[in-house]
Each structure stands twice: as structure tokens, then as C-alpha cells.
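Note: hydrogens, waters and symmetry copies are ignored here, and every other heavy atom, side chains too, is used.
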Protein chains: 2
Amino acid sequence: MTGFQVLLVAGTHGNEINAPWLFDQWSRQPELIKTNQIRVCRVLGNPQALQAGKRYLDCDLNRSFASEYLLSSSSQDYEVHRARELLALHGQEGSSPCQLVIDLHSTTSSMGSSLVVYGRRASDLGLASLIQAQLGIPIYLYEGDQTQKGFLVESWPCGVVIEIGPVPQSLLLARIIDQTILTLEACFKQIARIKSRTIDFPSQLIVHSHIGSLDFPRDTNGNIKYCIHPSLQGQDWKPIQKGAPLFISSIGDTIYYENDETIIPVFINEAAYIEKHIAMSFTKKEVLPVLDEWKDSLDLLINQD
Amino acid sequence: MTGFQVLLVAGTHGNEINAPWLFDQWSRQPELIKTNQIRVCRVLGNPQALQAGKRYLDCDLNRSFASEYLLSSSSQDYEVHRARELLALHGQEGSSPCQLVIDLHSTTSSMGSSLVVYGRRASDLGLASLIQAQLGIPIYLYEGDQTQKGFLVESWPCGVVIEIGPVPQSLLLARIIDQTILTLEACFKQIARIKSRTIDFPSQLIVHSHIGSLDFPRDTNGNIKYCIHPSLQGQDWKPIQKGAPLFISSIGDTIYYENDETIIPVFINEAAYIEKHIAMSFTKKEVLPVLDEWKDSLDLLINQD
């Protein structure tokens, strides 16, 4: 037992280079990010993909933490090997165990600074409520989609993704670096307040919970026929209603949103999701009361030693 | 002799996917782009890299047309093989020869719609002057840099690059598609006017001629220490003077432009140029009179049959 440690992961996708660059700078300047005396383990998620300038070598590392991959010894994929390695190092039973993980991502979508939470674990929702109370950032609650699973943070007792955009793949942007630092420091500040038992939870948490994802319209060969409509491009987190344009063809044919329910699109035109057949995802806004269970869960996790 | 044909190349870089997508749509809808009865050969520059979602497999195709590569049979690089193949198909001595090439690119830099011309060939400058007179777009005149050579368009008697941005790599954007169509149609319109001898040249051509390129400040291990300053990001084509911020470190240290000469940066923060050690290039504005030699050269090339 080594006591509470936070695992920070950068470069889970090798073409998201801002957080890895920040780690490199931080290692040379320990004062760069205020950690509020929280013990931190920093790790590059996918160093080989980072070196190659690619999202991944064999398969998406952030889909490689599914139990069927981790328990089966048959996979030769580098990322499945790397998932096991990260757990052996920093999993709960690892050599330098961490109890909470923050996985740093960037996106070509206009997500701003945001968090992604997977499912409704008490500890994740509690942590998200504190960060949202400090920064006011939106939270994408991803759940109920069996086509996408095996996310890194799910293999730790508590974990969130920090998702920041827009930024092209493989590009350094000072704005993204600044937003990453700001969000990370908020995480440390809130964790430190739990540790010192000076925490004051908000009364509610606003989440945007996943409804479903929509692919690009494709032809019978699987080729994309329509691209994102210019009036939707960059409009993540903004509600759309029946009649809103979604897609446009090269000759200007438009496809509209046709349901009566108002929805809120996120991850509009994330470059890496084309291969996953996701042009955007839809969410609905939910206001959740902050539960004692969330607070207790976080306290137990962080103040265990 | 098959008469005058224009070669159009999309996907010379496999992660610039807008022009290849446009070609695919165009092949299904022949009326999509007005060619003014100009005969066109469309080709994907680097189909294997496009398939792999990468800029290139072995080396940059748009640096593979240097004579030392083309004449030497020793290179095993796919792109050198592909360069030879494109010339065998559509070079002047090829099986379906083209006399003029338009190479369609996109960039993460905020270049807008622009042309790149390599050196001061009469035919290229003449064509550029006509397109600029119609659209008013800026032209980057690249010359005098021995570290970057072997560009595709240099292997044809006349050729320009259409460069459009900003757009992330591997992302479809309707805006980029529209800008590509608009610029291509201007090319066809002007070529058709030369062909019908109804052309009216402007009196001058404004170019931004290459002075040099600047790398990111790096440490002794070659790692980037500073990123593009936020006040410079996205400011391509805008003159800067002594004292303008160029780079910023993670702790806010700023590096300023220190020369007395006013310069105009282009290709600021192009993701693919990090490996080429180019953070931006500098240009100076020149106003060139349109010469009879330019007009004659184009007329000879286009009206040879």
C-alpha cells in the first residue's frame, strides 16, 4: 500500500500531441502545474503511436481495456499489451497503484474544455460535480452503447477524460495547452480539498447523457456521401430541433434532423471517429442531484490511507 | 499527340482527404464542376497513403519528383515508384500526356484559398495572374530553398498547387470542398479563355515570394520547446514587424521577431511541417508586371494542337 496517487495519462492517442508535450515541459519545470501536494504518476499512454504520429498501431488503446481483451492472452495487438502493462504498473494491484485516473485527450470537434464520464459511477460523478462547480465546463456522460467499450478510465476505481478542442491531429496549439493546464489544476485543487476534508460539494451536476451516435450517410460501397453541414460544424453542445440541417452533399442537397425531440450534438466531425462510423453523437441534458453516496465514495477512495 | 489535357491531382498527401472526396463525388456527378470543355485527367496522387490515412508511406510524394530520385533506379520507396508511375501515365512523354497540372492540397494553416507556384516559370506566373485576377487570392512563390525540392508540379511544363486551409488532417469540411470547387472552376474558366483566345490578362501579378523558413525553438535533444504564439496562430498572410510575438513557452516566455524588415508569414503551424523543421515560412510581397513572355508561353502550351 503506497497511499493515494493520481494517474495522469497523456497520449493515449498518439496523434493528440498537446498533453504529451505538456508532460515533457512539466518534467523540466516541476512548478508548471500546481498539484496541491497530490501525488501524481505521469505516463504516456501509447508511446509507440506517439512516436509514429498515429492514433494507434494495431487498435485503439482507449477501447483496449475491455475484460475480454485483458483476460485473453491471445491478442498480439500492441495496444492490448500496453493496456495490460499500464494496469500492471498503475492499476489497483499494480506495482505503483493509483486509485484515480485522469486521461488527457484532444479532439478536432469544438468541444471546448470538457469532461467525459463513462457510466454513472458514484466517484466519477462526485469528481465531475466538483470540477464543473469550479470551471463551469460541460460533461458528456457516455453510457449504454455496446459498440464502444473498453475505455481506459473504467479500469480504475475513479476516472475521467479531459477532452479539449478543436485542434487538428498532430498539431501543437498554445490555447489547448492553456486549457489543459487550467482543467488539470482544477482537478488537483478539488482532490486536495477532499483530502483535507475542506470540500464543499455543489447541490447538482449537469450532464449531457449519451442518446446515440449518427454515421455519415454512405453509399452502398461504404463511401461517405454527405459531409457535416456548415451550419452545424463547430456547434457542439448547442441544442438542435426538428428541421436543423445535419449533412450536405457536394451538390448542396441537405439532410435535416427530423425528430421532435430537442437534442444536443457533441463530437461533431471528430476526424478519428470516421472509421468508427460516427459523424456526431447526440445527448440530452440532465440535472442530477449530488448524492451523499458520491461524496462518501470519493472520500473513501482518496482518504483511505 | 492527344492534344491539350489538364492533369488534376488529389490526395498527393494521403491525409488531405477533401479533394479525393470531391473527385469521388465528381465521378458520380459529372456536372458537379464546370470544366468549360477543357479535357481533364483526374488522378489520386498517393492512393496507398490515402487508404492508410497517412501523409505518405515511405517519403513525401510531393518531394519525390527530384531528378536524382526519378533517374536512379535504386530507391525502393513507394512514393518514388508512384512519382515515376504518374509521369509514365501523364507526363509529357506519358501514355496520356498532360501539359498542365493542378495539384490540390489542404493545410492546417489559415492559408484561405491560395496558390503555390514553384519558381518563376513564365507559364505558371501567367496562369497564376489570371486566377488571381478572377478570385483575388494570394500566391506563395516558393523559390531558392534547396532543402525542399522535387515538387510534383515541377515535372510538368506548367503547374500550380491549390492550397486551402485551415482544416485538420483527415477531416472532411464542406467549406474546404466549396473553396476547392470555386478555385478549380476559376482555373478551368481561365484556361478555356486562353484556348478560345478571348483572354484578357491583368497588368500585374502580386506574389508573396519565399524568404526563408523558421523552425520551432528546440532543446538539445531536438524536442520542441516553444509553440506558436496565440497572437500569431491563424494570422497567415498578415505582415509582421519587429517586436511581433512568434513563439511562447509553457510558462509564458515569449520569443519576438527581431529584424527590422517587415515580413509576411505563411504556413504558420502546418502539422505536417513539424517533421520538416518548419514552424512557419516568411515571404515578402512583390508586384510583378505581367510579361508578354508569360502570355505567349501559356498560349503555346494550351493551343499547341
Parallel, tilted or perpendicular for [X] and [Y], by the 30°/60° rule?
X: A:Tyr273; Y: A:Phe267; answer: tilted
X: A:His105; Y: A:His13; answer: perpendicular
X: B:Tyr140; Y: B:Tyr142; answer: perpendicular

For the candidates [options], which exhibits the highest count of non-hydrogen atom pairs separated by less than 4.5 Å from chain B?
options: A:Lys225, A:Arg175, A:Gln169; value: A:Lys225
options: A:Asn269, A:Ile177, A:Leu173; value: A:Asn269
options: A:Gln29, A:Arg55, A:Gln233; value: A:Gln29
options: A:Val167, A:Thr108, A:Leu171; value: A:Leu171

Heavy-atom contact with chain B under 4.5 Å, split by part of [X]:
X: A:Asn15; value: neither
X: A:Ile251; value: both
X: A:Trp26; value: neither
X: A:Tyr226; value: backbone
X: A:Glu31; value: neither

Between [X] and [Y], is any side-chain donor less than 3.5 angstrom from a side-chain acceptor?
X: B:Gln179; Y: B:Ser113; result: yes
X: B:Asp103; Y: B:Thr12; result: yes
X: A:Thr107; Y: A:Glu270; result: yes

Quick check on the interface: out of [options], who has the most heavy-atom pairs with chain A under 4.5 Å?
options: B:Leu172, B:Asp178, B:Ile224; value: B:Ile224
options: B:Cys227, B:Gly252, B:Ser250; value: B:Ser250
options: B:Ile248, B:Asp219, B:Ile228; value: B:Asp219

Report, as yes or no, whether the 6.0 Å neighbourhood of atom CD on B:Glu275 holds more than 12 heavy atoms from other residues, nucleotides or ligands.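 Count over threshold, so yes.
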The test is side-chain contact (heavy atoms from CB on, under 4.5 Å); show your working for B:Val9 and B:Leu152 and say whether it passes. CA-CA 9 Å; B:Val9 189; B:Leu152 183 148; 4.2 Å; yes
